[in-house]
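The next block holds one structure in the form of structure tokens; read it before the comments.
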Amino acid sequence: MSNGKREGKLISPQMVLFEFRNTIGNPYVHIFGVGMPVLMMIIIIRAMSAQVTDAAMRADMSTSVFLGIGVLIPLATVFMGYGVSHAQELEKGIPQRMELFGIRTSVSLCNRILSEMIFMLLAFCIYFTVGCFFVDMKRPSLPGAALYILCIFVLSVILFCLSYAISSMLRKFSLTYCVTMILYFAMMILGGMMGISYDNLPSAVQAIAKLLPVTYINRDFYMVWKGEHYNFVPMLQSYLFLAALAGILLFLALRRMSRRLH
């Protein structure tokens, strides 16, 4: 009976620690998930602050940039970092070996996503600590801060599913790295984090940008952060679209994997 209970557990401290070591052993998450957001946040805010003389406008601008650049953390640590790592594991046959030892894929995934969330939390702690020293931003309302955390968490889960689907379908490090890197920078550009704002994008490109949650977090979330009234419907629609896309790709990836096993 005890063995059955042990086998049925989806999360265990030992597995979380094992997956967390895999996460921190990936150099991409440190470079793109911790270093790059911090540097971009400081450089962009410093450059834009020099051009804004009004203190209130400068605080709004700094808050908007700070919250928007924070989206790079789940994009890098969960989406690109996990996708590349999982593709490497597939090439080496590690998931198959783990199944031979009785560790089911569902168990590995649950522990891995928890380890990714822990690392992302630590990355955000570093990001917010640096921001407190270098950024003159507005204080958040309690609902605004809670909604930001919720939106980032939900986005991270969707990105994890999307990353798992892409790496499982491509099954090669080089291809997965190329595709996730392209999508990573595409989301940055469409979300207005590469120097081109949403308003300056062509109308056709704006239509694509509206389908991405990162656009709304980068462009509008400072209003939610301050507790101002905001229409969440377009943002919610973007979350539903991305979740549907991730769900379809995940279904196809799992179906393909089941065919391989049979």
Side-chain angles (χ1 to χ4, degrees), residues 10-11 19 22-23 26 28-29 32-33 68 70-90 95 104-121 123 147-173 175-191 193 205 207-218 221 232-260:
L10 288 176
I11 296 174
E19 296 293 354
N22 287 339
T23 301
N26 185 351
Y28 297 99
V29 300
F32 293 101
V71 178
L72 295 185
I73 296 176
L75 276 175
T77 59
V78 179
F79 179 65
M80 192 177 73
Y82 173 70
V84 169
S85 177
H86 184 58
Q88 285 180 315
E89 292 174 356
L90 287 171
R104 293 170 294 145
T105 303
S106 58
V107 173
S108 179
L109 281 175
C110 287
N111 287 278
R112 184 56 181 263
I113 195 170
L114 181 57
S115 70
E116 293 283 348
M117 293 301 118
I118 293 172
F119 181 85
M120 194 178 69
L121 176 63
L147 284 170
Y148 184 75
I149 294 170
L150 177 63
C151 288
I152 291 293
F153 174 78
V154 174
L155 178 63
S156 301
V157 174
I158 296 172
L159 290 174
F160 182 87
C161 295
L162 186 61
S163 178
Y164 178 82
I166 292 172
S167 57
S168 297
M169 294 177 75
L170 298 178
R171 302 184 69 84
K172 288 188 177 293
F173 166 79
L175 287 175
T176 302
Y177 177 77
C178 179
V179 171
T180 54
M181 180 67 80
I182 290 171
L183 292 174
Y184 170 79
F185 280 108
M187 290 187 197
M188 286 178 63
I189 295 170
L190 293 172
M193 289 174 275
V205 181
I208 301 173
K210 286 179 181 178
L211 300 175
L212 301 174
V214 294
T215 300
Y216 300 97
I217 296 175
N218 181 59
F221 216 94
F232 283 95
V233 174
M235 183 188 291
L236 181 60
Q237 290 173 338
S238 70
Y239 270 91
L240 292 174
F241 169 78
L242 192 61
L245 178 63
I248 292 170
L249 292 177
L250 184 61
F251 172 77
L252 295 174
L254 293 174
R255 189 174 181 180
R256 184 180 177 185
M257 288 173 64
S258 65
R259 285 179 178 176
R260 283 176 174 269

Non-neighbouring partners of S85 that pass side chain to side chain donor-acceptor pair (under 3.5 Å), sequence neighbours left out: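 So S85 forms a side chain to side chain donor-acceptor pair (under 3.5 Å) with R112.
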Is there side-chain contact between [X] and [Y], with heavy atoms separated by less than 4.5 Å?
X	Y	value
Y239	C151	yes
P234	K210	no
F32	L75	no
T23	E116	yes
Y216	F221	no
L90	F173	no
I152	P74	yes
I113	Y164	no

Check: S167 side chain, S163 main-chain N or O, donor-acceptor pair, under 3.5 Å: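 Side chain of S167 to backbone of S163, a donor-acceptor pair under 3.5 Å: yes, one is there.
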Polar side-chain atom of T180 near backbone of G83 as donor-acceptor pair, under 3.5 Å: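 No, the answer is negative, given that no donor and acceptor are paired below the 3.5 Å cut-off.
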Measure the spacing between [atom1] of [X] and [atom2] of [Y] and express it to the nearest 0.5 Å.
X	Y	atom1	atom2	value
L212	I217	CG	CD1	10.5 Å
R171	T176	CZ	OG1	10.0 Å
M235	L147	CE	CG	9.0 Å
I166	C161	CD1	SG	11.5 Å
I189	I208	CD1	CD1	12.0 Å
L162	L250	CG	CG	9.5 Å

Counterpart residues, ring-ring contact (aromatic ring centres under 6.0 Å, His included), relative to F160 (two or more places apart):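 Partners of F160 by the ring-ring contact (aromatic ring centres under 6.0 Å, His included) criterion, ordered by chain and then number, come out as Y82.
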Nearest heavy-atom pair of [X] and [Y]: which atoms, and what distance?
X	Y	answer
E19	S115	CB-OG, 3.5 Å
E89	N22	OE2-ND2, 3.9 Å
G33	A123	O-CB, 4.1 Å
L159	F79	O-CD1, 3.8 Å

Over 12 foreign heavy atoms within 6.0 Å of CZ, F185: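 Counting neighbours around CZ of F185, more than 12 heavy atoms of other residues, nucleotides or ligands fall under 6.0 Å, so yes.
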Flag if over 12 foreign heavy atoms under 6.0 Å of CZ, F153: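 No, because the 6.0 Å sphere around CZ of F153 holds 12 heavy atoms or fewer from other groups.
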Reference residue N218; test side-chain contact (heavy atoms from CB on, under 4.5 Å); the match among M193, M188, M187: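 Of all the options given, the one that passes is M193.
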Partner of L242 under side-chain contact (heavy atoms from CB on, under 4.5 Å), chosen from V214, L211, L155: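 Answer to the side-chain contact (heavy atoms from CB on, under 4.5 Å) test with L242 among V214, L211, L155: L155.
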